[in-house]
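Following: one structure in structure tokens, then a few remarks.
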Amino acid sequence: MAQAAKLAAYSPLPRVFYDRDVVVVARELLDQSLVRVAAEGLVAGRIVEVEAYLAQNDPANHAHRGQTQRNASMFGPPGHAYVYAIHSRWCLNAVTEPAGVPSAVLIRAVEPLAGLELMQQRRSARTERRENAVGGSVRDLARGPARLCEAFAIDRSLDGWDLTRGEQLWIAAADTGIDAAEIEVSKRVGVTSACDKLLRFFVAGSVFVSRPGRR
DNA sequence: CTACCGATTGACT
DNA sequence: GTCAATCGGTAGA
């Protein structure tokens, strides 16, 4: 597929998509395409796993104790990226709901669709010192929020980036809407507060999901 | 300035 | 299943 045709097929979701309840946006982000264009080329993947972080009554949300330099993007308008660091790795969120309402959707895993070689290169860069590195299976290229950011070359320089521009980093409308029956719900992964909330959504049966659901 | 913590991952039992 | 590496963000002295 020619590059121009490829890009035309990746038209960005509009701001109104993000300007809704964070749980609604989270569920509807499943099956859409995450697209990244950098100097080295284009990579894209189908979103198969997300988590919602609520503006109200959610201690697991980084914005729970108010605005700081780190989480400022969450307080901005919807449709922008919130990129944060954890354990020396990056994670990508899409900011939702009106400006001033700090909610976001964490993109936890994608199924690689395009630019697999480039993803492989970026992912192996971290582990290239290991002689017997497995090289990484396609399944593991973007299975997990920090792996995904590595494969997509996403770091703090993209914090606050406008995902509706259709440049560098965006989410493209790709689906005809997946059946609610195909969406599985579970507790969020790794959170140590508000662990009981069922705010993780993933495509049932996908091998590209980071781990099975637990209630 | 120091001290603590974690929306993770990869290695290991 | 368990465990520790590792470092930016945050709070507090």
Side-chain angles (χ1 to χ4, degrees), chain A residues 18 22-23 25-27 29-30 34 45 47-76 80-97 101-110 112 119-120 122-160 163 171 184-202 207-215:
Chain A
Y18 300 96
V22 63
V23 171
V25 177
R27 296 186 74 111
L29 276 175
L30 291 176
L34 181 67
I47 297 172
V48 295
E49 179 184 351
V50 297
E51 283 175 3
Y53 287 85
L54 312 181
Q56 298 293 328
N57 194 27
D58 185 5
N61 188 332
H62 289 162
H64 181 61
R65 296 181 189 208
Q67 184 170 349
T68 64
Q69 198 166 20
R70 175 208 209 187
N71 64 27
S73 296
M74 288 187 80
F75 289 82
H80 288 249
Y82 166 46
V83 180
Y84 70 89
I86 176 112
H87 292 274
S88 325
R89 298 150 199 274
W90 302 109
C91 294
L92 169 70
N93 296 249
V95 175
T96 61
E97 305 188 53
V101 182
S103 62
V105 177
L106 171 69
I107 314 296
R108 281 196 56 90
V110 306
M119 289 190 209
Q120 197 106 231
R122 287 167 171 162
R123 286 273 297 135
S124 58
R126 173 185 281 266
T127 51
E128 74 186 331
R129 294 185 65 85
R130 271 200 299 280
E131 284 306 317
N132 292 331
V134 188
S137 63
V138 170
R139 181 177 180 235
D140 289 344
L141 286 178
R143 204 175 113 256
R147 289 167 166 175
L148 177 162
C149 282
E150 204 167 280
F152 279 65
I154 294 166
D155 62 22
R156 187 112 247 237
S157 66
L158 284 166
D159 179 54
L163 299 171
I171 300 172
E184 209 164 326
V185 183
S186 83
K187 291 177 178 177
R188 292 176 291 187
V189 174
V191 301
T192 52
S193 51
C195 352
D196 54 320
K197 294 181 186 291
L198 299 174
L199 292 173
R200 173 173 178 248
F201 307 95
F202 56 98
V207 299
F208 298 97
V209 164
S210 69
R211 55 179 66 190
R214 287 189 53 183
R215 303 217 166 192

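Letters A, B, ... are given to chains in the order of the sequence lines, protein chains preceding strands, and every chain is numbered from 1. All heavy atoms count here, side chains included; hydrogens, waters and symmetry mates do not.
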* Could you walk me through whether A:Asn71 and A:Tyr84 pass side-chain contact (heavy atoms from CB on, under 4.5 Å), step by step? => CA-CA 8 Å; A:Asn71 64 27; A:Tyr84 70 89; over 6 Å; no
* Identify, with sequence neighbours excluded, every residue that meets salt bridge (charged side-chain N to carboxylate O under 4.0 Å, His left out) alongside A:Arg188. => A:Asp58
* To do: List in chain and number order the residues that pass salt bridge (charged side-chain N to carboxylate O under 4.0 Å, His left out) with A:Arg200, two or more places apart in sequence or in another chain; answer none if no residue qualifies.
  => A:Glu49
In whole angstrom, give the distance that lies between atom [atom1] of [X] and atom [atom2] of [N].
X: A:Leu148; N: B:dT8; atom1: CG; atom2: P; answer: 13 Å
X: A:Asn71; N: B:dC5; atom1: CG; atom2: P; answer: 20 Å
X: A:Arg143; N: B:dT8; atom1: CZ; atom2: P; answer: 14 Å
X: A:Arg200; N: B:dA7; atom1: CZ; atom2: C1'; answer: 12 Å
X: A:Tyr53; N: B:dA7; atom1: OH; atom2: C1'; answer: 4 Å
X: A:Ile86; N: B:dG6; atom1: CD1; atom2: P; answer: 8 Å
X: A:Asn93; N: B:dA7; atom1: CG; atom2: C1'; answer: 8 Å
X: A:Arg122; N: B:dT9; atom1: CZ; atom2: P; answer: 17 Å

* Structure fact -> d(A:Arg139 CZ, A:Arg143 CZ) to nearest 0.5 Å is 4.0 Å
* Separation of A:Leu198 CG from A:Glu184 CD (nearest 0.5 Å) -> 11.5 Å
Sidechain-backbone polar pair: [X] side chain, [Y] backbone, donor-acceptor under 3.5 Å:
X: A:Gln120; Y: A:Leu141; result: no
X: A:Ser103; Y: A:Ala55; result: no
X: A:Asn93; Y: A:Val95; result: no

* Asked: Are A:Met74 and A:Thr68 close enough that some pair of their side-chain heavy atoms sits under 4.5 Å apart?
  -> no
* Asked: Pick the nucleotide of DNA chain C nearest each of A:Trp90 and A:His87; which residue has the one closer to the 5' end?
  -> A:His87
* To do: Just call it for A:Ala146: base, sugar-phosphate, or nothing, with non-hydrogen atoms closer than 4.0 Å on any strand.
  => sugar-phosphate
* Within the structure shown, what part of the strands sits under 4.0 Å from A:Arg188 by heavy-atom distance: base, sugar-phosphate, or nothing? -> nothing
* Structure fact -> Min and max contacting nt of DNA chain C in 5' to 3' order, chain A heavy atoms within under 4.0 angstrom, are C:dA5 to C:dT10
* In dot-bracket form, how is DNA chain B paired, counting a Watson-Crick or G-U wobble pair only if both its distances are under 3.5 Å and using | for bases paired to another strand? -> ||||||.|||||.
* To do: Mark this stacking check for A:Tyr84 against B:dA7 as yes or no, applying ring centres under 5.5 Å and ring planes under 30°.
  => no
* A:Arg122 with A:Glu150: basic N within carboxylate O range, under 4.0 Å -> no
* Give the C-alpha distance, both sets of side-chain angles, the deciding distance and a yes or no for side-chain contact (heavy atoms from CB on, under 4.5 Å) between A:Tyr82 and A:His62. => CA-CA 11 Å; A:Tyr82 166 46; A:His62 289 162; 2.9 Å; yes
* For DNA chain B, the residues among residues 102-109 of chain A that have a non-hydrogen atom under 4.0 Å from it -> A:Leu106, A:Arg108
* Asked: Any side-chain N or O of A:Ser88 less than 4.0 Å from the OP1 or OP2 oxygen of B:dT8?
  -> no
* **Results of side chain to side chain contact (heavy atoms under 4.5 Å, CB included) for A:Cys149 - residues two or more places apart only** => A:Trp90, A:Leu92, A:Ile154
